Amino acid sequence: MTVLTDELRQRIVAEFPKYPTKRAVTLPALHLVHESLRAVSPAAMAEIAQLLELHPAEVADTMSFYGFFRDDSNPLGRRRVWVCRSLSCMLRGGEDLLVELSERLHCRPGSTSADGRCSLEFAECLGGCDGAPCVLIDDELYLNASADEIVRLVEGAPAAEGSLS
Amino acid sequence: MTTQVPSTATLNGQEVALPEGESLNAIQLALRAGVEIPHYCWHPALSVVASCRMCLVEAGQIGQGGVLAMQPKLVPACQTPVKPGTVIVTNSEKVKAAQNQVLEFLLLNHPLDCPVCDQAGECKLQDFSFRYGRGYSRLKEPKVQKPDKDYIGDQITLFTDRCVMCTRCVRFTREISGTGELQVIQRGSHAEIDIFPGEPCDNKLAGNVVDICPVGALCSKDFLYKQRVWWLESKESVCPNCSTGCSIHVDQNENVVYRLKPRHNPQSQGHFMCDEGRFGFKYQGSPNRLKHPLVRGENGSQAPAIWDHALRSVRNGLQQIATSRPASLLGILSPWMTVEEAYLLASYLKSLSPEIRLALGPLRVEGEDDRYPKDVHGRAVEPTKFTIRAEKAPNVRGVEAVLRHFEGGVIPAEQLLPAVGTGEIEAVYFAGGDPDFADDADFAATLATAKFLIVQDILASPVSEAADYVLPGGTFMEKDGTFINHAGLAQAIRRAVRGPEEARPDGRILWELSGRTGLFHAANLRKEIAANVPELAALAVGDLGAFGVRTSIQLEGADDDRRSAAEVAAGVS
Amino acid sequence: MNENFHTVLLKRVEQHANPGLEAYRADGGYTGLRVALQLSPADVIEKVKQSGLRGRGGAGFPTGMKWSFLPKDHPGPIYLAVNADESEPGTFNNRVLMEKDPHQLLEGIAIACRAIGAKTAYIYLRYEYGRSYRTLQRAIDECYAAGILGPRVLDTEQSLDIRLHRGAGAYICGEETGLIESLEGKRAWPRIKPPFPAVEGLFRKPTIVNNVETIACVTHIFARGPEWFRSMGVAPDPSNPRDLGSYGPKLYGVSGHVERQGLFELPLGVTSRELIDRCGGIWKGRNVKAVIPGGLSTGFLTADEMDVPLDFSGPVKAGCLGLGTAGLIVIDDQTNIVDVLFNSSRFYAHESCGQCTPCREGTRWMEKILERFRNGEGTERDIDLLIEVSETMGIIPGTTICGLADGAAWPVKSALKKFRGDFVEYVRSGRRAPASRLALAH
C-alpha cells in the first residue's frame, strides 16, 4: 500500500534531470506531495526518501526545517491564508488583520477551520510591503488587504471533502 | 631580507613545533601544547561544522617579511588550520568574554538537572562552565522545555532539553555508520534531535552516539542511573569480541563492571567501538561462571577441590600420559587466550614431551567483515571508517604465532576432533575463554567424549560438565595479558576486577601448573616470549603502552595487510 | 532632485509593458546578450568590473570581482544560482522585477553565465512568489522555444539551461550558502567559509550567487555599456581608499508610515527625505520618527538623519549596518521603538536557523526581553542586558557562521543608541502593549 500515486511519483521522477543529485529533488518532491495531499505524512516522507535514495530521517530533517510543510497530524484546508506580521505590515495594521481574520475564519494561526475550508497562518515578510498589509492565499499575493476582501475570497472556496461540517 | 616566516606556530606567546606531515587545527595544536580550547561540536572523526562557537580564539598569521596580521574577528579554532607562522591566542580578555557568553547562551534553556544527570562528573557543560563560564544566568523567563525521548533506540534515550545541538550524533550516523537514523527537526531554538518515526537508532555502532554526546542528552539505557561516574575506576583494555581489537576502557566500581567505552587508538580502531563489544561483557557476572576448581571423584561426579590439589592432580595426569602415550595428548588453545597464556600452556606441554600436539581452539567466524559507513542501501562505501570483523576472537594472530613456534604450524582443533572420537587422542587439555564456543554443539559433544579431559574455561558448558578437571579461569577484564589484533597490533589488557569466588586469571593458573616460581607478571613474561618467539620479538618492550606495539607477525592475506596499513594511515579501522 | 533621471530597470514595469518575449524584444531586449556572446568570458567580466556594479542583495560586494574568484580553467560544471529568496522585511523589488519584466532577468542570467562559464543556472525563488514563478516559467519556456535557452544560445556554441527552484519559507535561504544547502535538498544551514562558493559551492562545484536586481543591472550594462552605468551614482570618497563607490541605478522600496508605499528607481545616493517626499510624505500628516534604510536588519536613521545619502557607505557612516536591500521602512512619531524592536526580534528568532549557539539562543532571548518590556515588566537594567546580548552576536564579533545574528542584533544596538528614551518611557510609564496583539506573540 503506497501513499504516493503513480502520477505523483512520475512527477517527482520528472524532476530528476534538472539536478545532478537526487537529493536536490527533496523540496520539489515535498511541494508536489504537499500540494496534492495537503500534508506530508511520515509514510509519504518514507516513500519520497526511497525515490530519492535517502534515509527517511534526511527527508524529515529537511522538511521540518522549513515552516511550510504540514504533516498529517495537521493537514491543510482547501485554502491556505498567510497574513504577514512583519514590520511594514505591522505598522499598517497587519497584526490587527491577523486577529480579525482569526476570528472571522474561525481558526487560529497554524490551524485549519472545522469545515476544512481554510487554514490560517502568520507569515514573516511576504515581500508585499508596497501594499502593506498583505495577505497570501495559497501562492497568490493580495496587497493592501482588508479582512472583508480576504473573507470573501476564502468563503468563495468550496468546503473540503470529508470535512467536519 | 627574504622570508621571515617561522617554521613554528605560536600559542599564547609560546612557540610550538609543528609535526611533520600532519595537518592540525588550532584545537589539536593547543592540545599538544597542553592548552585546552573548549569545544562541543568539533570531533576529530567527524566533519567540521564550527557551530557551537565554544572554541573561539584570536588568530593571525606571520607573513612574508615577518609581519603579523591578526584577524579582526574571533575565529573558531576547529576551523583554523595551523601553518608555519600561525599565531593563536586562547587566553585574551576577548576570548574569555566570548567563552563566557557562549556558555551563558548554552545554559539559558538547559535544565541544570545535574544532580540526577548520568553525565554529571564527565560533562563538558559542567567542566567548561566551571573553567570558563559564569556562576549565574541572567534569563528571567521560564526555560524552554522539550519532551524527553525514550525511543531513540533500544540502548539510547534522549534528554532533549539538555542538548546543546552540537549535532555530533547526527553526523556520526551520517558519516561513520552511514545508517542515517538521526536527524535534526525544526529550526532555531525549536531545533531538536530525533529519529524518523518507527526507525530507531539501533545500528551496530549506535552506542557511540552516547559517548560522543558532550553533555547528558544522549544516555545509555544500560548504564542509566546505575552509578555515579566519579565512583568509577577505569582500566585501559581491549575489546575481545572480534579481531579488530578496539581499545577500550573498562569502568568498574567495587568489583562490578558498569560499562565499556571505546578508547581512542589511531593504531587500532580509531575512536569508536561496536555495540556487540560494548554490551557483550555481561557474561562476566553470569551465574553460569565456573567458580571453583572441580575434580571428578571416584563416584563419577565432579566435586569442588582446592587449587593446590587440583593443579597437582592435573600435573600428575599430564605427566603420566606424556610419558606413556604423548601423541595421544592434545592441547587446544583458544584464540581468546592471551599471548602469555598460550605461551605458558604451549611451552609447558611441549616441555613434557615434544610429541604432545597443539591445536587452535574453535574460532567463530560469523558472516563477513562488516564495514562502515553504509550507503542508504546498506552497502559499505569507501573509505572504510570502522570494521566489525567476522572473526569473533581477540587474539587469533597471537595464538597462531605461538602455535607456529611450538607446533610448526596452525592446526584447527576441528581437524583433530575425529581422532578424539576414534580414541586415537585420549587426553585433551582444553583452554577456552570464548563465552560462546559451546554454540557449536557438535564440537562440544565430540570434545566431551575424550577419555581424559581437562577444561580451563570461564563458563559452565557441556564440555566442562564432561571434564575430569575443571580449572575456572578469568574473563578479559580479570587478567593482564596481550591480544594481537587482525593487523598484528599487540595491545595490553589489564585486570580491572576479580573473578567470582575461586576463579583465577588463566595466566596464574598456567604459571603454577607449569611449576614456575614467583608470580605471573605479564610485562616480564612478554620479554621472555620476545626472546623465544621471533615473530613476537616486538613484545620485548614489556609495557605495550596505551596504543600497543606493532608485531612483525605473519598475516594471512596480503590484502588484509594492505588494508590495515591504509587504515592505520587514516587513523581509523 | 533627480528630475532628469529616466528609469531603466523599472521602465517596462512603469509602462505596464507586456512581459512576453515578443514585446521585450521589440523594446530592444536581448541585444545586451548578443553583445556579451561576441565577447570572451574574460571581457564580459571586465565590462562588469568597469561598470562598478556592486551586489544589490545587501552586502554590496563588487560583482565583477566576485565572478573573477572562480578557479581558472575549471573543467566544470560551474553554476549560477540566482538569489530570488527575497525575504528581508521591507524588501520587495525582486518580486516586482520578476512578476512584471521576467526577460530582463533572464537576459542578465544568460550574460552572467556567459561570463562565468555556467551551463546551468538555478533561480532559487521563495515559494510565496507564486506569480513570479508562473511568469518566469512562462518566460523560460518562451526562451527555449526561441533558441535563447537550450543547447545553442542565439545560435552560438554556448548552451544554457535555467531551472526554477522554489523555496519553502525560510529567510536563511537568502544567505548564499544557506541557499546552496537548501537547493541541494538539505536544511538551509549556512556553510562555514572557506571554501567560498566561487571555489566550492552548489553540488560542491564552483558557484556564483547573485541577487535578482544585480543580474537585472547586468542586462543593461551590456545593452547600454559600462560607462552609462558608471555615469550615475556616487563616486568613491577620495579620503577612503577602500570605498569602491556606488554606481548605477538602484531600486528603493518604501513602506510603512508613508502616504503611498511604492518602489522607486533612482541613482544610488538618494536620501530618505526625497523618497518620503515621493511617497507623499508621512501618513496622516504626522512626522517621521525613524527610517530603516535597507531592510529590517540595517538599523535606524533618526529624523535628523533624513539627508544621509542612501549609497553603499552613507548608512554605515550613520551607524547602520549598511545600505542592505534599500527597502526603506518608515516609522512615524506615534510609534514606540520598543514595539518595532519586538517585531524585529520575533522575526529573527523565528528565522534563526539554530546552528550557531549565540544566534539560536540570543535571538530568542532578545525577543523574550523585549516581550518583557511590552508586558510592562522591563527594567532599566534590562536595557543594558539587551545591549550586552546584542553585542555578543554575529559574524562581526565572530561568534556566528553567517550574518543573520548581526542582522538581528543591529536594530537593537542601533535603537538603544538612538532611541533609548523609548525604552525608558516604556519602563517608567508601566505601559503595556495591547492584549490582542500579545496573544499572537509567537
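Worth saying up front: this structure is predicted, and the values here are computed from it rather than measured.
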At a heavy-atom separation under 4.5 Å, does [X] approach chain C through its side chain, its backbone, both, or neither?
X        : result
B:Leu108 : side chain
B:Pro142 : backbone
B:Ile185 : backbone
B:Leu139 : both

Which of [options] touches chain C most, by non-hydrogen pairs under 4.5 Å:
options                     : answer
B:Cys52, B:Ala50, B:Ala98   : B:Cys52
B:Ser189, B:Cys41, B:Ala191 : B:Ser189
B:Met54, B:Lys140, B:Glu104 : B:Lys140

Residue pair C:Trp189, B:Thr167: steps toward the side chain to side chain contact (heavy atoms under 4.5 Å, CB included) verdict: CA-CA 12 Å; C:Trp189 275 6; B:Thr167 71; 3.7 Å; yes

4.5 Å side-chain heavy-atom contact, B:Lys94 and C:Pro397: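 Of all side-chain heavy-atom pairs linking C:Pro397 with B:Lys94, none is under 4.5 Å.
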
C:Met393 and B:Gln101, any side-chain heavy atoms less than 4.5 Å apart: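 Heavy-atom side-chain distance check fails, nothing below 4.5 Å.
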
Contacts of B:Val376 that satisfy side-chain contact (heavy atoms from CB on, under 4.5 Å) - sequence neighbours left out: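 Only A:Glu53, A:His55 meet the side-chain contact (heavy atoms from CB on, under 4.5 Å) criterion with B:Val376.
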
Taking atom [atom1] as the centre, does [X] end up with more than 12 heavy-atom neighbours from other residues, nucleotides or ligands that are less than 6.0 angstrom away?
X        : atom1 : result
B:Glu22  : CD    : yes
C:Phe61  : CZ    : yes
B:Lys143 : NZ    : yes

Side chain to side chain contact (heavy atoms under 4.5 Å, CB included) between B:Val49 and C:Ile192, worked out: CA-CA 7 Å; B:Val49 291; C:Ile192 51 174; 6.0 Å; no

Rounded distance [0.5 Å steps], [atom1] in [X] versus [atom2] in [Y]:
X        : Y        : atom1 : atom2 : result
B:Leu74  : C:Thr400 : CG    : OG1   : 11.0 Å
C:Thr363 : B:Phe105 : OG1   : CZ    : 9.0 Å
C:Glu361 : B:Arg53  : CD    : CZ    : 15.0 Å

What part of [X] gets closer than 4.5 Å to chain B, counting heavy atoms only: side chain, backbone, both or neither?
X        : result
C:Ile172 : neither
C:Ala188 : neither
C:Leu385 : side chain
C:Lys193 : backbone
C:Pro190 : neither

Expected output: side-chain B:Arg187 to main-chain C:Arg187 donor-acceptor under 3.5 Å: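 No, the answer is negative, given that no donor and acceptor are paired below the 3.5 Å cut-off.
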
Side-chain donor or acceptor of C:Lys368 paired with backbone N/O of B:Glu141 under 3.5 Å: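 It does not hold such a pair.
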
Within residues 349-360 of chain C, residues adjacent to chain B where the heavy-atom gap is under 4.5 Å: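 Under the 4.5 Å heavy-atom cut-off, C:His350, C:Glu351, C:Ser352, C:Cys353, C:Gly354, C:Gln355, C:Cys356, C:Thr357, C:Pro358, C:Arg360 qualify.
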
